[in-house]
Structure formats: structure tokens, C-alpha cells
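Reviewing the structure listed below.
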Amino acid sequence: MEHRRKSISEGLQHGVRRISEGFLHMTNADRMLDLHDIGMHNVQSEYQLVSKWDEAEEALGRGGRKKSFVERKEKISSKFALINLMKGMLGAGCFSVPLAFKQSGYVAGLVIILVLGFLCALCMIKLVKCAGYLSKINQSAPLDYGNMAYKATQASYTPIRKLAPISRALVNTSLCVLQLGICCCFYIFVVYHLHELLEFFMNDVPSRAALFPMVLPAFILLVSLSSMRALSLVSLGGNFLMLIALAVIMFQLLTTEHKKLSDLPPVTDLGGVVSAAGAILYALEGQAMVLPLENRMKKPEDMKGPFGVLSVGVGMVVVIYSFAGFFGFLAYGNDVQDSITLNLPNDHLGIFVKAVLLFVVYSGFLIQVFPIVAMIWPAIKKKLRNSCGVSTTTKRIVHFAFRYSIVVVVFLLSYAIPRLSDMVPLVGVTAGMLLALVFPSLFHLLIFLPQFECRIGFLFDILLDIVCIVIGMFFVIYGFITNVQHLMR
């Protein structure tokens, strides 16, 4: 009997382990938004891996090149790449799009989201084109965003080549600022929705301002997690719950009594349009995952083209955001709040949606922090390695202290700018605009302008690069000044 109980116990343990492995395999196979999709490999940036194999390539000579970690990973189909792209772009930013329509007006909002969606898809295709071209001429491993900037500057005119390290630093800094801004938005989102839940269940509720420091220990505890398996399972569960929440919210927007279009402004003013552009670009953020995703595809050529993964994926996301923004503004008018979820009634269904999104965004905070760790920690680790007498335990303590310091910075920024209506446009119109429009067009120009050809197609590409750079820089400069002035007031 005892032997039988032992066999049953071992069988149950084996079954649980197989189920867990199955979930992990499903997450990896479907490429749900896990760490690999944003350029990370066991808290190591793709840039480091590429650099290591670049050194190996020099040692091997020109006769052959060893495959990098990215190249040796299991490849994914175009269908899974499309699913991954959409899941990476469909996030909590979707719930701020109705606010963007309020800031700009419903006609201006639709025009902005369609134009920016088209330009984002175009610039993503430029990133893929540039990275593929540079990898081919250099016979190098697949490139990430920062390393692509470095190689693009090196491939341009001779006087510009010495600026290659600066271009890489600019891109990586912008990526860190973007991720830091996203973390701040997540922090504020959690505080907002926790306050809503507390109001439903309690009579005496702390203010939102009081909740900011109160939830800090929960975020510090969250970033202490290092298990890739746990992160993958959280990512899988979070994406499933996000789909449920989106479906419920879309249903609510369709069935709620709508305002009359004649009572809503079609266009507001230039400041509102710029803020709306920042909020919409924040929602469309996905440039950081384009190159890692393309590097994982079985057929990278399917990424580009009018019916490629990027065009179809961004197009579908734009349709969903246009629907959410227009009907969200139509449903609540000028009463629309910083996140459309805050307009949901505090009934059982509304509270369920808010609780689900609270869990999804809180757990997703961990995934948003890790790219910052991946880009900055290697430099800190290198300095520790060069220091004599630094033990493994000390390095581990410093590593977790660095993670906690990121959370503290996020808390301080969120406490200083505690409204999503201020934080989202500020992040989108600065780092988001640079990464989405300015940098892809600039590096495309640096690579291909020296190869000038008097062809209509070539001239059109160059002109489009210049237009995207000018539009992007206008939004960055004017948007930054406008947002800072608004915060000072």
C-alpha cells in the first residue's frame, strides 16, 4: 500500500511538472510577450550576444562565422510572429486612446491614428530593411536596435562614422527612457485601479496620493522574481486575461448610450493634437521588439511588404485602437477619464474587469523592468568584475539593489507626475516619437543616401525619410515644451 501511495505521489508530481512544462512550451511556441521578444536572453541584451559573436567572427576569419544565440534559437512561423507583434502592441495603452480623442477631437483623433499607424508600419519596415542590409554586407549576426544604429552610422559618410558610438548610446538611452516611462504608466495605472477596488469594498479609503508609497513594497517584491518559467507563465496568463478585459470593454462601449456627434468637437487645438499624438504613439509602441522578432522568424522576408507581418499587424492594431478611441469618446464624451476603464460602472462586472487589469498590469511591470536591467546591468557587472575582491554574493546584492533602485525611480517619477493624462503623452511624444519615426528614418537615410541613384523610387524614399524626421522632431520639441509647461502650471 505504501509503495502504491509513493507511486501515485510520484505520478502526480510528474504530471504537474509536465503540465507546467507544457504551459512554458506553449508560451515559447506561440511567442507570447516574454523576455526574448524584447531583445533579452536570461537578462542579457542581444547587443552583448552580437558583440561576442562579432569578436568570434574576427577570430574565425572571413571563411566562416559561428551562429549566434539568436540564430540558433528555435524559429517561429509568420503566423506566430503576427500574433506576438499584436500582443506586444495591444496593451494598457489602448485604454488611454479615448482620452487622446478627447484631447484632439474625434476627426483629428482618427486622422492622427491612421497617419501615425501608417508611418509606424513604414518605419518598422525600414528598421528591418536596414538591419538586414547591414547584416548582409558585414556578414554579421542579427542586429538589435542599438547595434543597428552603430552599424548604420559606420556605413555612412566618412566624417559621420566617428559618431557611431553616440548613435548607439542615443538609441539605447531612448529605449531605457521609454521603458522607464512605460513602468511609470504601469505604476500609476495600478494605483488608480487599486483605489477603485478599495472604494468598492471599503468605506474609509486612502487617497490616491497616499497609495503611491503604500504599493511600493509590492513592486519591490515583484522585481525580486528572477524565474524565467514564472515570467513565461505570468505572461501567458496576463495575455489571456487582457483579451477577456478588452472584449468586455468593447462590449460596454457598444452597448452604452452614446453622445451626439454634434455635441463633441471634431478638432480642438494644436496643443491637444500634439498631446493626442503622444498618447496614440505610446499605445502603438512596439519598435523595440521588431528586430528581435524578425530575427526569430523562419521566413524573415515575410516581415516586410504590403501584406507582411508588420503591415497586417499594425493595420489590425490601428483598427482596434480607432474603434476603442472613437466609441470610447462617443460613449463618455468630455467625461472620459485618463483610462477608459475608470469610466466603467462600479458594478460586479466593472469591478471584475478592473481587478483583472490590475493583476495584468502589475505582473506586466516585471517584464517592462527587465529591458532596463538588460541594457544597464552588464556595464555595472563589468566594473564589478574589474574590481578586486568582489564576491559572487556581493555582485548578487548589487544586482538586486540595482533592480530596486529602478523601482524607486519609477515611484518618484510617478508620484511627481501622478496622472496618466500627463505621463502617457509625455512618454509617447519624446522617446516614443524618436524610436518610432526619427531614428528609423535617420538611419535609413545615413545608409542609403551615399548610394544616391537618380530614380523616382529612390528619391521618394529619401524624401519620405526627411518628412518623417521633420514631423518627428517637430512633435518631440513642441510636445516636450507643451507638456513641461502644462506640468509647471
Side-chain angles (χ1 to χ4, degrees), residues 91-99 102 181-225 230 233-235 237-253 255-257 324 328 331-369 404 406-424:
C94 173
F95 306 125
S96 294
V97 177
L99 177 67
K102 173 187 173 181
I182 292 173
C183 289
C184 291
C185 293
F186 275 40
Y187 197 104
I188 298 170
F189 189 95
V190 167
V191 169
Y192 272 42
H193 289 74
L194 179 60
H195 188 264
E196 292 281 305
L197 294 180
L198 292 177
E199 280 189 331
F200 182 79
F201 291 106
M202 296 169 57
N203 294 324
D204 189 15
V205 179
S207 65
R208 284 179 182 171
L211 282 177
F212 275 93
M214 290 173 67
V215 300
L216 179 60
F219 281 95
I220 289 177
L221 183 64
L222 179 67
V223 298
S224 302
L225 185 64
L233 291 173
V234 165
S235 175
N239 280 292
F240 178 71
L241 292 173
M242 178 66 80
L243 288 175
I244 295 175
L246 277 172
V248 172
I249 291 170
M250 294 301 179
F251 177 76
Q252 290 273 4
L253 295 182
T255 55
T256 301
E257 184 179 353
Y332 300 109
N334 291 322
D335 295 326
V336 67
Q337 297 195 43
D338 292 5
S339 173
I340 194 67
T341 53
L342 299 175
N343 286 103
L344 296 177
N346 279 341
D347 54 17
H348 292 290
L349 182 60
I351 289 298
F352 169 75
V353 170
K354 291 173 185 178
V356 164
L357 290 174
L358 174 64
F359 168 76
V360 170
V361 174
Y362 170 71
S363 58
F365 180 88
L366 178 62
I367 297 175
Q368 300 300 332
V369 164
Y404 301 152
I406 294 173
V407 179
V408 172
V409 170
V410 168
F411 156 68
L412 293 174
L413 290 172
S414 303
Y415 192 76
I417 310 175
R419 289 177 59 86
L420 286 172
S421 57
D422 295 328
M423 183 65 77
V424 169

message: Side chains of S224 and Y404, heavy atoms from C-beta outward: is any pair under 4.5 Å?
response: yes
- prompt: How close do P206 and H195 get, heavy atom to heavy atom, and via which atoms?
  reply: O-CD2, 3.1 Å
task: Answer yes or no: are there more than 12 heavy-atom neighbours, outside Y415 itself, under 6.0 Å from its atom OH?
output: no
Member of K354, E196, H193, Q252 meeting the side-chain hydrogen bond (donor to acceptor under 3.5 Å, both in side chains) criterion with T341: H193
- line: In short, D335 meets N343 closest at the heavy-atom pair O-ND2, 3.2 Å
- prompt: Is there a side-chain contact between I249 and F95 (heavy atoms, below 4.5 Å)?
  reply: yes
query: Can you list the steps and then say if Y332 with L253 is a side-chain contact (heavy atoms from CB on, under 4.5 Å)?
result: CA-CA 9 Å; Y332 300 109; L253 295 182; 3.8 Å; yes
query: How long is the gap from OH on Y192 to OG on S339, to the nearest 0.5 Å?
result: 9.5 Å
message: Is it the case that the ring center of F365 lies less than 6.0 angstrom away from the ring center of F219?
response: yes
message: Ring-plane angle category for F200 and H348, please: parallel below 30°, perpendicular beyond 60°, tilted otherwise.
response: perpendicular
task: Report the C-alpha distance between L344 and F352 in whole Å, list the side-chain angles of each, state the deciding distance to 0.1 Å, and finish with yes or no for side-chain contact (heavy atoms from CB on, under 4.5 Å).
output: CA-CA 11 Å; L344 296 177; F352 169 75; over 6 Å; no
Residues Q337, L99; criterion side-chain contact (heavy atoms from CB on, under 4.5 Å); working and verdict: CA-CA 7 Å; Q337 297 195 43; L99 177 67; over 6 Å; no
message: Does L420 form a side-chain contact (heavy atoms from CB on, under 4.5 Å) with C185? I'd like the steps, not just the answer.
response: CA-CA 6 Å; L420 286 172; C185 293; 4.2 Å; yes
